[in-house]
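Structure, as structure tokens:
For the numbers below, each heavy atom of this structure counts, side chains included, while hydrogens, waters and symmetry mates do not.
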Amino acid sequence: MTKAVPLEAAPDLRGRLALVTGANSGIGFGVARRFVRAGADVVLAVRNTAKGAEAAQRLGDAAPGARVRVEEVDLSSLASVRDLGARVNAEGAPLHYLVNNAGILAPPRRTRTGDGFELQMATNYLGAFALTGLLLPVLRRGGGRVVAMSSLTARTARLSTEDLNGTGTYHPYAVHSTSKLALLVFALELDRRGRLHGWGISSNAVHPGGVSGHFHVAGPSLGGGRPDLVARFSARLYRLPGLGNDVTGGSLLPFFAATDGRAEGGAYYAPAGFAELSGPPAPAKVPGRAEDARLAARLWEASEALTGVTFPGSDPGSDHESGSGIGPA
């Protein structure tokens with residue numbers, strides 16, 4: 001069991017702006033609700049705006065006077081991500097918190113996006129990378145903190161920057177783990193580069209442990225049919241006491257990472273309980289690959305090449321290896 005980080009009193013976030021992706025349900029909705037109750041203005045960045053509007057209504061009912069709006073974004077589409085970035089930048093309001101929460105878990109068959117990317121990698125990682133880069137101007141204006149939603153399964157993942165699209169045999173859960181490792185590597189590298197180049201932002205990451213809910217079955221049932229055995233088993237397993245957080249507990253992790261004064265840039269947080277499956281926030285075990293500076297530099301370069309979104313400043317270390325020579329498959 002890892003020692004939990006002592007929590008501060010509920011923050012007063014009046015006058016501050018948060019954008020949460022995938023905020024119409026699950027942990028995304030839970031963290032948006034925490035922001036609203038703390039007084040922040042909240043942007044629900046969602047693929048389905050009808051569901052987003054329903055979520056906004058529920059948030060308004062829970063916190064009368066809350067300032068919540070819905071913005072459409074499909075993170076698997078670079079055009080959609082660019083559209084959202086353009087709208088938010090055009091408004092010019094400082095962005096204080098960006099929670100890269102949206103994701104998809106283990107579609108049963110490999111699916112390609114309109115940009116030619118594998119669906120999980122596009123939604124869980126490349127879309128978040130691109131959105132963060134596009135929102136950097138308003139994040140810098142707000143001294144923003146960026147939080148990435150990784151996964152406990154990132155520990156077992158392997159990451160090849162020469163094959164982010166996974167052109168080999170498709171294993172749904174392995175690809176999911178890889179996308180979450182990529183997101184974690186990016187989050188830590190973003191903080192390093194932010195400090196190096198003086199962007200005035202910070203970045204960290206969390207994983208929520210075991211959280212039962214719609215997420216476990218939505219991806220595995222993509223395209224119809226019953227979720228696979230792993231999905232059904234996981235959805236039930238994490239309901240057992242001590243083996244998972246509910247949405248309320250799971251949403252505390254990204255909210256803590258975004259707002260608590262004890263949460264540090266460049267850190268990784270997870271539940272404090274058994275096997276990091278449940279409990280309050282605590283420092284997480286960082287996979288060794290996520291601390292590989294050369295891998296981080298190669299991933300960054302490959303991601304800029306794939307998305308066409310570049311960040312200001314040069315490579316943070318001239319001794320890093322670079323060059324990946326990859327593109328959409």
| Pair D12-R14, salt bridge (Lys or Arg N to Asp or Glu O under 4.0 Å): steps then yes or no | CA-CA 6 Å; D12 181 354; R14 286 175 292 183; 2.5 Å; yes
| Are V309 and V88 linked, directly or through other ILVMFWY residues, by side chains that come within less than 4.5 angstrom of each other? |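 V309 clusters together with V88.
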When you measure from the side chain of [X] to the backbone N and O of [Y], does any donor-acceptor pair fall under 3.5 Å?
| X | Y | value |
| --- | --- | --- |
| H96 | G144 | no |
| D191 | S203 | yes |
| D115 | F117 | no |

| request: Please name all residues satisfying salt bridge (charged side-chain N to carboxylate O under 4.0 Å, His left out) with R141, sequence neighbours left out, ordered by chain then number. | output: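 Counting only residues at least two positions away or on another chain, R141 forms no salt bridge (charged side-chain N to carboxylate O under 4.0 Å, His left out).
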| D61: partners by salt bridge (charged side-chain N to carboxylate O under 4.0 Å, His left out), with sequence neighbours left out |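 Applying salt bridge (charged side-chain N to carboxylate O under 4.0 Å, His left out) to D61 gives none.
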Kindly give the heavy-atom pair with the smallest separation between [X] and [Y], and that separation in Å.
| X | Y | value |
| --- | --- | --- |
| L299 | A182 | CD2-O, 3.6 Å |
| H207 | L253 | O-CG, 3.9 Å |
| A45 | L84 | CB-CD2, 4.1 Å |
| P281 | L252 | CD-CD2, 3.7 Å |
| L136 | P312 | CD2-CD, 3.5 Å |
| M149 | K180 | O-NZ, 2.8 Å |

| query | In chain order, what residues pass the side chain to side chain contact (heavy atoms under 4.5 Å, CB included) check against A102, with sequence neighbours excluded? | reply | T21, L75
Side chains of [X] and [Y], donor plus acceptor under 3.5 Å:
| X | Y | value |
| --- | --- | --- |
| S303 | Y125 | yes |
| E291 | Y268 | no |
| R109 | Y170 | no |
| T178 | R158 | no |

| task | Show the numbers, then the answer: is there a salt bridge (Lys or Arg N to Asp or Glu O under 4.0 Å) between E189 and R192? | result | CA-CA 5 Å; E189 182 70 0; R192 286 193 289 266; 2.6 Å; yes
| query | Would you call R155 and E276 a salt bridge, taking side-chain N to carboxylate O under 4.0 Å as the test? | reply | yes
| query | Within a reach of under 6.0 Å around CZ of R67, are more than 12 heavy atoms found that belong to other residues, nucleotides or ligands? | reply | no
| Heavy-atom neighbours of R47 CZ exceed 12 at 6.0 Å |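 Open.
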| message | Please tell me whether F129 and F311 form a close aromatic pair, meaning their ring centres lie under 6.0 Å apart. | response | yes
| said: Before you tell me yes or no, could you show the steps for R87 and E71 under salt bridge (Lys or Arg N to Asp or Glu O under 4.0 Å), namely the whole-Å CA-CA distance, both residues' side-chain angles and the distance that decides it to 0.1 Å? | reply: CA-CA 9 Å; R87 294 195 301 273; E71 290 285 353; 2.8 Å; yes
| field | Ring-face cation contact, F29 with R58, 6.0 Å cut, 45° max | value |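 The answer is yes; both the distance and angle limits are met.
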| task | Please work out whether the ring planes of W300 and F186 are parallel, tilted or perpendicular, with thresholds of 30° and 60°. | result |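 Ring orientation of W300 relative to F186: tilted.
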| query | Do F256 and V206 pass the side chain to side chain contact (heavy atoms under 4.5 Å, CB included) test, and can you show the C-alpha distance, the side-chain angles, and the key distance before you say yes or no? | reply | CA-CA 9 Å; F256 163 83; V206 305; 5.9 Å; no
